[in-house]
Each structure stands twice: as structure tokens, then as C-alpha cells.
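Residue indices begin at 1 and follow the sequence shown. All ligand and atom numbering here is 1-based and tracks the order in the structure.
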Amino acid sequence: MGVIDIINNVKGDYVNKTRKSEQLYNELAKYTPYGVHSNWRIWDPYPLFMSRAKGSRIWDVDGNEYVDFCMAFGALATGHAHPVLIDEISSFIGNGTIYGFETEYSVKLSRILIDRFSMDMVRFSNTGGEATELATRLARAYTGRKYILKFEGHYHGSRDTLMVGLKPIPARAGHPKTPRSVPASWGVPEDIYRTVLVAQWNDEESVEEVFRRYGDEIAGVILEPIAMNMGFIPPKRGFLEFLRRITNEYGSVLIFDEVKTSGKFYGGAEEYFGIKPDIKVISKAIGGGFPFSAVLGKRDIMELVGPNKVAHGGTFNSNPLSVYATYVTLTRILTRDDMSKASALSEEIGKALNDILSDNKIPAYVVYAGLSGGAYLTRSKAELHNWRDFVKYVNLDAMYIYLTSMVSKGVIPQCIAPDEQWTVSVQHTKEDADKLVETAKHVIDLLKQSGYGEVFKIEEAF
Ligand SMILES: Cc1ncc(COP(=O)(O)O)c(C=O)c1O
């Protein structure tokens with residue numbers, strides 16, 4: 001059996017189980033371009049449509065139950081419908097949903113965020129993209145400079161200001177050491193995407209080259225402390241320290257986009273790596289499933305926000321529901337203790353998957369830290385250090401087969417996209433982790449029986 005046959009079989013199983021999703025998708029696609037409201041949510045031949053979720057489980061419209069390790073793209077370290085949150089929010093919502101005024105929880109939550117993520121001041125928004133946009137605006141206002149430096153493959157939201165060098169085709173993206181500023185969307189004006197310089201993740205020379213050429217004009221460097229939109233790619237040892245040094249040397253603002261990492265480690269990336277940026281952007285899991293984001297920063301930078309200075313507004317900013325949900329999540333659910341239990345479970349999954357894959361001689365890169373990790377089936381044995389490695393080594397056919405078969409067997413092992421990762425929530429149990437691992441064993445056996453080894457031989461010659 002060739003790879004196309006395996007893919008067709010796997011797709012057939014998926015379609016047989018998910019007829020209502022197919023129907024809804026076809027109908028939605030009549031009204032909504034691409035049939036989804038976020039481009040990153042698509043899957044072939046169509047994405048699942050869900051109806052309810054609780055704890056570690058989610059159910060689709062056909063009634064299939066899944067153990068969910070996607071957790072809304074990392075937005076739910078609490079797990080689904082956490083009883084504490086449901087209870088608290090149900091009574092809170094009776095007082096109204098939005099006031100257009102601050103509440104006492106604006107004060108309480110500010111204190112908690114400043115303390116937990118150790119920064120001087122904070123501003124609330126709703127989504128990651130809004131917050132990264134404020135962060136870069138602040139960096140430009142603070143330095144009076146034009147350019148933002150980002151890394152190829154890092155994602156900071158789908159706004160014009162940072163939709164550059166996202167997942168470029170290498171042939172269009174220039175030399176790996178001096179990547180071009182490739183716009184990641186139609187409709188982004190050249191004047192805007194040219195203000196974003198791109199360097200290679202984990203490559204000091206690449207960063208030095210950009211600083212050599214533009215150093216005095218670089219307002220800020222923005223990065224995901226662990227790159228989690230091109231798989232799961234941690235910084236090499238010393239790389240964050242290097243970025244701290246070079247930004248200090250050139251007077252540029254160092255921005256950690258912690259939209260994902262703020263909910264993967266109790267104190268976010270600073271606590272895990274021991275490096276302090278000038279600005280942090282936090283979001284996703286800290287909101288317990290409600291839209292909440294915040295920009296935290298050093299006082300002299302943050303105090304630039306104000307009338308006739310740096311603008312920052314939003315009708316839904318600091319809305320009482322999101323603020324209260326975040327307050328409850330951080331004080332009662334994402335505690336240090338419970339997060340470290342979830343981290344241990346994540347590590348257990350990572351180790352077990354690594355063992356299964358290497359026992360079966362399936363080339364793969366398995367990596368984990370905090371509440372997250374990922375398994376990436378590769379063309380040959382390789383570690384992934386940047387976006388070019390991801391393109392070169394990750395076997396997208398193998399990823400499709402793995403993810404789709406796992407889903408058909410009732411486990412969403414990581415988000416259903418080849419470049420995403422898993423999130424272990426505080427509601428996941430050992431039984432859930434075992435189910436993932438047992439199902440993965442089964443899928444890998446099946447793949448081997450259907451000639452998957454042969455497929456790899458072909459790919460290895462690539
Ligand atoms: C690291 C990172 N930054 C920013 C964003 C954008 O967040 P949002 O989708 O809430 O705008 C995301 C979303 O996945 C992200 O992963």
C-alpha cells in the first residue's frame with residue numbers, strides 16, 4: 001500500500017464517523033469563506049464540529065467522544081467546564097456582562113498578574129493579537145525607532161503589524177541566515193511588512209547580522225520564548241541570554257510573547273528560563289477559556305500609555321467576565337501545585353511517545369516542557385531548531401495519518417494541525433494519558449502493517 005492509499009483509508013474512517021460535521025461544514029462554507037472563522041482551524045476533508053465538553057473530554061455533533069489534548073489551542077489549562085469556574089461565573093453573570101467601567105477585580109487581578117509574572121505595570125485586552133500590537137507600539141514609542149525584529153515561524157496574531165515571516169515557503173524566504181520579510185497575508189501593505197525584520201530562531205549569527213545592518217533603528221525584538229506555532233521548538237541553551245544581551249547593547253526593547261507560555265508554566269517563561277524581558281504579553285490559558293490578554297512591562301515603558309501619548313482602547317478591555325474568570329483561574333485553578341502535576345503528566349506522555357516511536361524505528365522529534373509538548377513525525381532522525389528544519393524534516397503525510405487516525409480512535413493527541421502541540425490540563429488524569437499512549441501504539445502498529453515502513457524508506461531518500 002502506498003502513502004496515498006493509507007491517507008485515503010484514514011480519511012475514509014474519519015468521514016464515516018463524522019457525517020454531521022461534514023454536513024455542517026458544507027453548509028457553513030456557503031456562508032463563510034473556507035468554512036471556518038479562523039483559518040488555522042481547517043482540516044482535510046473538513047474540521048470537526050463540536051457540541052459540548054467537560055473535563056478532559058469533548059463530544060462532536062455526531063456524538064463521538066474524544067479525549068482532548070488540544071484544549072482549544074492551549075487556551076484551556078483548566079480543562080473544559082471546570083466546576084469552580086462554572087460555579088463562579090454562573091453567579092457572577094447575574095450581575096451583568098459588561099459595564100464600560102472598571103471593577104474591584106481590575107485591581108485584584110492587576111496585583112496578581114504583576115506579582116506572578118513579575119513586572120511593574122499591566123494593561124488588559126482580550127486577544128493575543130491585540131496585546132502583541134500594543135507591545136510593539138510601546139516599543140516604537142519608547143525608542144522612537146521604526147523596526148521590529150521577529151523570528152521566522154513565530155506567530156503573534158493575525159494583525160497587519162506582525163503578519164510577516166510566518167510560515168513562508170523557503171524558496172520565497174531568502175537565505176536561512178538572512179530571511180526576507182515575506183508577508184503572511186494578502187492585503188498587508190508593503191510599507192507595513194517592511195517595518196518587520198526577520199531573523200532565524202536559534203541562530204545567533206542571523207540575529208547579529210540584522211543588528212549589524214539595522215541595529216540603531218530596531219525598536220524591539222518580539223519572540224515566543226518557546227516557539228509553539230511551528231511545532232514546539234525551545235530556545236537553544238544560551239539563546240535567550242544572547243537576545244537579552246544584544247537588545248541591551250543596542251537599546252532595543254525585548255518582548256516575550258507569552259500568549260501560550262504564560263499558561264504552560266506557573267510563572268511563565270521568565271520563571272522557567274530565568275530571563276527577564278522588558279515587556280511580556282500574556283493570554284490564552286490564564287483566562288480559563290474567556291477572552292483575556294494583557295501587556296505587562298517595566299514602569300518607564302508602560303507609563304507611555306495615556307492621552308496624547310500611546311493610545312490603547314477597547315470596548316471589551318477589562319470586561320468584568322473575563323477579568324473575573326482570569327482572577328478565579330489564577331487564584332484557584334492554575335495553582336503551582338496543580339500545574340506541576342499536569343506538567344508531570346505531560347512529561348510522562350512525552351517519554352512514552354518517544355519510546356514507542358523509537359522502539360518502532362519511526363523517525364520523530366518528541367519534545368515537551370511545562371504543560372505542553374508535541375510529537376512530530378519526521379523524514380529522517382532529526383531535531384528541529386527553526387522553521388527551515390520544520391519544513392525540511394517534518395513529514396506532513398505522516399502527521400496527517402497519525403493525527404487523523406488518532407482522532408478516529410477517540411483521541412485528539414495534540415491540536416489537529418501538524419505544527420501544533422498538546423496541552424495537559426489540570427483535569428487530565430493518568431487514565432487519559434494512558435489512553436493517548438495506548439491509542440498511539442495501536443495507530444503505529446496499524447501504520448506499520450499497512451506498509452508505512454516502506455513509505456519512510458521512500459521519504460528517507462528525499
Ligand atoms: C504566541 C501567540 N501569540 C499571539 C497569538 C494570537 O492570539 P489571538 O489568536 O488571541 O489573537 C497566538 C495565537 O495562537 C499565539 O500562539
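At under 3.5 Å, not a single nitrogen or oxygen of E130, backbone or side chain, sits near a nitrogen or oxygen of ligand 1. Backbone and side-chain nitrogen or oxygen atoms of Y155 are examined, and one is located within less than 3.5 angstrom of a nitrogen or oxygen of ligand 1.
Only the side chain of N229 comes within contact range of ligand 1, with a heavy atom under 4.0 Å; no backbone atom does. Contacts between H156 and ligand 1 below 4.0 angstrom, taking non-hydrogen atoms only, involve the backbone exclusively. Contacts with ligand 1 closer than 4.0 Å are made by heavy atoms of both the backbone and the side chain of T127.
Residue G128 holds the heavy atom nearest to atom 8 (P) of ligand 1 of all those in S262, G128, C415. Which of S125, G157, A131 comes nearest to atom 5 (C) of ligand 1 through a heavy atom is settled by distance: it is G157.
A pairwise comparison of heavy atoms in I58 and A53 identifies CG1-CB, 3.8 Å as the closest pair.
Side-chain contact between D160 and E133 is absent, with no heavy-atom pair separated by less than 4.5 Å.
Scanning the protein heavy atoms around atom 3 (N) of ligand 1, the nearest turns out to be D257 OD2, 2.6 Å. Nearest protein neighbour of atom 11 (O) of ligand 1, counting heavy atoms only, is G129 N, 2.8 Å.
At least one heavy atom of K284 sits under 4.0 Å from some atom of ligand 1.
The stretch residues 317-336 participates, sequence neighbours left out, in these ring-ring contact (aromatic ring centres under 6.0 Å, His included) pairs: F92-Y324, Y105-Y324, Y105-Y327.
Among N126, T97, T103, the single residue meeting the side-chain hydrogen bond (donor to acceptor under 3.5 Å, both in side chains) criterion with N319 is N126.
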